A.B. asks: 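Dumping the structure here so I can ask a few things about it.
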Amino acid sequence: MIPVHDLLRRSAAERPSKEAVACGATRLSYSALNDGSEAVARFLTAHGVARGDRVGIFTAKSAEETIALFGILKSGAAFVHINPFYREAHLRHVIADCGLKAIFIDDSRWRIFAAAYPERCPVELVVSLSAATPSRSLPNGHTPETLEDICRTFAHDGELPTTLAPDDVAAIVYTSGSTGMPKGIVVTHQIFHDATVHSAAVLGNTSEDRLISVTPLSFDGALSQLFTAILVGGTLVQQQSVLHGDVVKALQGERVTGVHAMPSFWRTLLHPRSPFSTQSFPSLRYVSIIGEATPKTVLVRLRAILPDCHFYMMYGTTEAFRSTYLPPQDLDRKEGSAGIPFPGVKISIVREDGTRCPPGEVGMIVHQGSFVSPGYWNHAALTAATFRDDGLYTGDLGRVDQDGYLYVVGRDDGLIKTMGFRVSPEEVENCLFEIEGISEAVVVAVTDPDGATTLKAVLVCDGESPPSTHDVRRHCRDRLPHYMVPTSVEFRAALPKTTSNKISRTAVH
Amino acid sequence: MNVRTQVERYIAELTNTQDIDPSVNLFESGHLTSLDALELLSFIETTFEISILGDDISVENLGSIDSIVRYVEGAKQLA
């Protein structure tokens with residue numbers, strides 16, 4: 001097992017001047033990325049960060065965040081890339097939950113960070129990813145260190161020797177949790193390595209590849225692309241703007257060869273206003289789609305615009321990184337399938353009583369073998385229920401056909417997939433209950449004929465002045481990531497109840 | 001009401017934040033998401049009676065209060 005930061009050292013030795021990361025006008029060569037991250041590692045070590053500690057990153061997409069990320073890994077600590085869509089409450093939760101020893105922040109996220117900690121910041125060491133900004137000061141009056149200074153001060157001291165075990169924690173990835181706050185999934189060095197190597201083999205990645213990254217590095221799919229680019233000595237294009245015009249320009253101008261994105265990204269690009277469908281993309285070699293089932297209408301249109309492109313459908317959860325992929329040649333033969341297991345993975349379909357489903361029968365998708373996380377951070381009970389002796393119980397429902405191809409049909413645990421993100425309705429409902437005048441709230445999924453799923457809040461109000469739809473959405477917008485904000489709001493006199501007087505989610509439409 | 005005042009009021013309403021630095025990138029800073037982009041487009045088109053072409057839907061034109069004002073004023077001159 002070679003840790004991903006050693007893959008970077010290897011690629012930097014082989015092709016030092018090659019472009020590793022491109023973000024707008026900023027270009028990072030392999031040697032700049034490698035040397036910068038060595039400096040970050042030495043800086044962190046000098047400040048007492050050690051093997052097993054957690055270090056956060058909270059930023060808009062940038063080239064600099066990749067220097068911080070590899071620097072953290074090289075120091076022996078684990079990185080926690082915090083979802084840049086988080087607002088104050090989620091940010092505070094994550095920082096407290098994993099006990100960050102240090103954090104890297106860029107200017108764009110300073111506003112939220114400062115608002116989260118108006119008096120005392122619990123993180124000892126704060127580093128600015130942006131250029132020197134004297135106006136930024138910490139609640140304790142100190143000015144944060146800057147990445148630029150660190151790269152200068154700790155330059156050219158050689159490699160930092162670190163001791164690592166394959167099962168050491170490399171990262172904690174936070175996803176929506178039913179407790180009302182995000183929960184952390186532990187990812188080890190072994191998992192990052194195995195998932196990167198196998199995924200690159202399946203996709204046939206080479207040093208010629210220029211992969212565009214459109215989601216924040218707080219999502220496993222984006223991490224997978226970063227590490228794949230580094231493994232093969234290719235280039236990662238960090239795309240900040242997801243506005244149609246910018247994406248089309250980047251795909252063409254950066255000569256992008258591979259895109260890994262969720263169906264919602266493609267749906268946006270196929271919007272009537274988008275210039276995407278009238279253009280051609282001769283550099284684009286493959287598209288991989290993950291996150292939710294791709295509606296046939298979306299796929300048909302994409303294939304018409306990108307006739308020479310290979311399409312890979314993929315399925316995975318953050319708990320097990322990568323589970324299955326559908327080879328491009330099977331796209332028509334196995335329509336709607338998420339494909340066959342990655343090497344080292346075994347997929348079973350299990351009934352509620354624990355027995356195996358025969359082909360064709362729908363049950364819980366259980367992932368065994370490679371890529372399985374050791375569990376949730378600080379959640380022993382949930383870990384025991386999900387990560388069992390006979391595999392990871394994904395919470396997804398599916399079936400396999402006679403040939404062993406997987407078809408994902410939905411969720412078993414009430415989580416909703418919207419815009420490719422897993423959302424716990426409880427997390428949104430907790431936020432709705434904070435609004436004055438709401439006595440009952442339930443959040444359900446609404447799927448349109450195109451397969452796009454959005455959230456609907458169904459509310460019962462008491463009191464004289466009930467909130468408006470606008471008030472409800474505004475409240476959520478100020479507190480939740482955008483994909484958790486209900487698109488529609490419906491007021492009712494009462495909600496259906498179960499015999500134990502709980503709101504019956506399944507009876508609400 | 002001039003273009004700048006109208007844009008500032010709309011962005012303040014959309015983001016629920018007063019006194020946003022007019023040069024700040026609204027998308028990168030998390031004030032707006034890509035989902036808001038379509039709402040922003042229809043606001044600009046209906047308020048200023050211009051139509052925005054697909055290629056123009058970019059951060060350069062719509063990313064900050066300053067760039068929106070610049071874009072709208074440019075488009076109105078052409079109209």
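By convention in this document, chain letters (A, B, ...) are assigned in the order of the sequence lines, proteins followed by strands, and residues within each chain are numbered from 1. Basis for what follows: all heavy atoms, side chains included, without hydrogens, waters or symmetry-related copies. The shown structure was predicted, so the numbers you read here are calculated from the model rather than taken from an experiment.
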A.B. asks: With sequence neighbours excluded, what pairs up with A/Arg474 under the side-chain contact (heavy atoms from CB on, under 4.5 Å) test?
C.D. replies: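 Counting only residues at least two positions away or on another chain, A/Arg474 forms a side-chain contact (heavy atoms from CB on, under 4.5 Å) with A/His470, A/Asp478, B/Glu13, B/Asn16.
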
A.B. asks: Any chance you could lay out the salt bridge (Lys or Arg N to Asp or Glu O under 4.0 Å) test for B/Asp21 and A/Arg111, step after step, and finish with the verdict?
C.D. replies: CA-CA 12 Å; B/Asp21 177 349; A/Arg111 180 175 56 89; over 6 Å; no

A.B. asks: So which of A/Gly245, A/Ser274, A/Pro481, A/Ser62 has the biggest tally of heavy-atom pairs under 4.5 Å with chain B?
C.D. replies: A/Gly245

A.B. asks: When you look at CG of B/Asp19, are more than 12 heavy atoms from neighbouring residues, nucleotides or ligands closer to it than 6.0 Å?
C.D. replies: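 For B/Asp19, atom CG is not crowded (no more than 12 foreign heavy atoms under 6.0 Å).
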
A.B. asks: Counting only heavy atoms closer than 4.5 Å, note whether A/Arg273 contacts chain B via side chain, backbone, both or neither.
C.D. replies: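 Interface part for A/Arg273: both.
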
A.B. asks: Quick one: are B/Ile57 and A/His271 in side-chain contact, heavy atoms under 4.5 Å?
C.D. replies: no

A.B. asks: So which residue, A/Gln279, A/Arg87, A/His244, A/Arg109, ends up with the most heavy-atom pairs under 4.5 Å with chain B?
C.D. replies: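 The candidate making the most pairs under 4.5 Å is A/Arg109.
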
A.B. asks: Specify which of B/Thr15, B/Asp56, B/Leu38, B/Asn61 makes the most heavy-atom pairs with chain A at under 4.5 Å.
C.D. replies: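 Highest number of heavy-atom pairs under 4.5 Å: B/Leu38.
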
A.B. asks: Of all the heavy-atom pairs spanning A/Leu243 and B/Val59, show the shortest one and how long it is.
C.D. replies: CD1-N, 3.8 Å

A.B. asks: Hey, could you give me the CG/NZ distance between B/Asp55 and A/Lys249, rounded to the nearest 0.5 Å?
C.D. replies: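 That separation rounds to 7.5 Å.
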
A.B. asks: Report, as yes or no, whether the 6.0 Å neighbourhood of atom CD on A/Glu254 holds more than 12 heavy atoms from other residues, nucleotides or ligands.
C.D. replies: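 Counting neighbours around CD of A/Glu254, more than 12 heavy atoms of other residues, nucleotides or ligands fall under 6.0 Å, so yes.
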
A.B. asks: I'd like to know whether CZ of A/Arg27 has more than 12 heavy-atom contacts from other residues, nucleotides or ligands below 6.0 angstrom.
C.D. replies: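 It does: A/Arg27 CZ has more than 12 such atoms within range.
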
